[in-house]
Amino acid sequence: MEPIPYFYESIDRNAILVRPKQPFFDWVNGLFNDGTQVTGKDECNIYLIREMDSNEAILRWVKRHFDELFVNELNDWYTDEERWPQDRTFKLFSAWFDVEVHSMVLDLEERPVTKA
């Protein structure tokens, strides 16, 4: 019996979705004095990393690289680094963000992926 063909090609990447939680929004809201209240973000950042053998390996990668992710998330909302938390730990990152791991990344387009 022949295997069922895949309809979409997978790429050699895993995806990490980083979703801000309420403590992050509390920090953001404390920065603005105009009465603006940010309560949620419709879109979350998705990071592609090299393909790994398991979700546990991906989570270990996140733990080793959390500060790079943390800095990018902070910079998306507020670019003044002096107002960022200076003692960024994995515990703080975990309190401020949920991380979702996706091991399958499927490419639905015919055109090649380009980097900007």
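Note that these values count all heavy atoms, side chains included, but never hydrogens, waters or copies made by symmetry. Because the structure is predicted, anything quoted here is derived from the model rather than measured.
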Legend entry - CG on Leu31 to CH2 on Trp84, rounded to 0.5 Å: 11.5 Å
Legend entry - Minimum heavy-atom distance Tyr78-Arg83, with the two atoms named: OH-NH1, 3.4 Å
Inset, instruction - Report whether Val71 and Leu48 are members of the same hydrophobic cluster (ILVMFWY, side-chain heavy atoms less than 4.5 Å apart, transitive linking). - result: no
Inset, instruction - Tell me, with the steps shown, if Asn72 and Glu68 meet side chain to side chain donor-acceptor pair (under 3.5 Å). - result: CA-CA 6 Å; Asn72 193 70; Glu68 298 162 44; over 6 Å; no
Legend entry - Pairwise distance CZ(Phe66) to CG(Leu59) - rounded to 0.5 angstrom: 14.5 Å
Legend entry - In one Ile/Leu/Val/Met/Phe/Trp/Tyr side-chain cluster, 4.5 Å: Trp27, Phe90: yes
Inset, instruction - Sequence neighbours left out, what pairs pass salt bridge (charged side-chain N to carboxylate O under 4.0 Å, His left out) with at least one residue falling in residues 85-98? - result: Lys21-Asp98, Asp67-Arg88
Legend entry - Pairing residues for Glu100 by the salt bridge (Lys or Arg N to Asp or Glu O under 4.0 Å) criterion, not counting sequence neighbours: Arg19
Legend entry - Point-to-point distance, once rounded to the nearest 0.5 Å, from CD of Glu110 to CD of Glu9: 8.0 Å
Legend entry - Co-membership, hydrophobic cluster, residues Leu69 and Ile49, 4.5 Å side-chain: yes
Legend entry - Spacing of CG belonging to Asn75 relative to CG belonging to Asp80, to within rounding of 0.5 Å: 10.5 Å
Legend entry - Shortest non-hydrogen contact from Phe25 toward Val38: CD2-CG1, 3.4 Å
Inset, instruction - Please report the closest heavy-atom contact between Val105 and Arg13, naming both atoms and the distance. - result: CG2-O, 3.4 Å
Legend entry - Heavy-atom pair with the smallest gap, counting every atom of Met52 and Asn14: N-OD1, 2.7 Å
Legend entry - Under the ring pair (Phe, Tyr, Trp, His ring centres under 6.0 Å) test, residues paired with Trp61 that sit two or more places apart: His65
Legend entry - Partners meeting ring pair (Phe, Tyr, Trp, His ring centres under 6.0 Å) with His102 (sequence neighbours left out): none
Legend entry - ring pair (Phe, Tyr, Trp, His ring centres under 6.0 Å) against Phe70, all qualifying residues, sequence neighbours excluded: Phe93, Trp96, Phe97
Legend entry - Pairs touching residues 44-65 that satisfy salt bridge (charged side-chain N to carboxylate O under 4.0 Å, His left out), sequence neighbours left out: none
Legend entry - Nearest-0.5 Å distance, CD of residue Glu73 to OH of residue Tyr47: 3.5 Å
Legend entry - Residues, nucleotides or ligands: over 12 heavy atoms within 6.0 Å of Gln86 CD: yes
Legend entry - Nearest heavy atoms of Ile58 and Ile16, plus distance in Å: CG2-CG1, 3.9 Å
Inset, instruction - Determine, using the 4.5 Å side-chain heavy-atom cutoff (strictly less than), whether Val113 and Ile46 are members of one ILVMFWY cluster. - result: no
Inset, instruction - Over all heavy atoms of both residues, which pair between Ala95 and Pro23 is shortest? Give the atoms and the distance, please. - result: O-CG, 3.5 Å
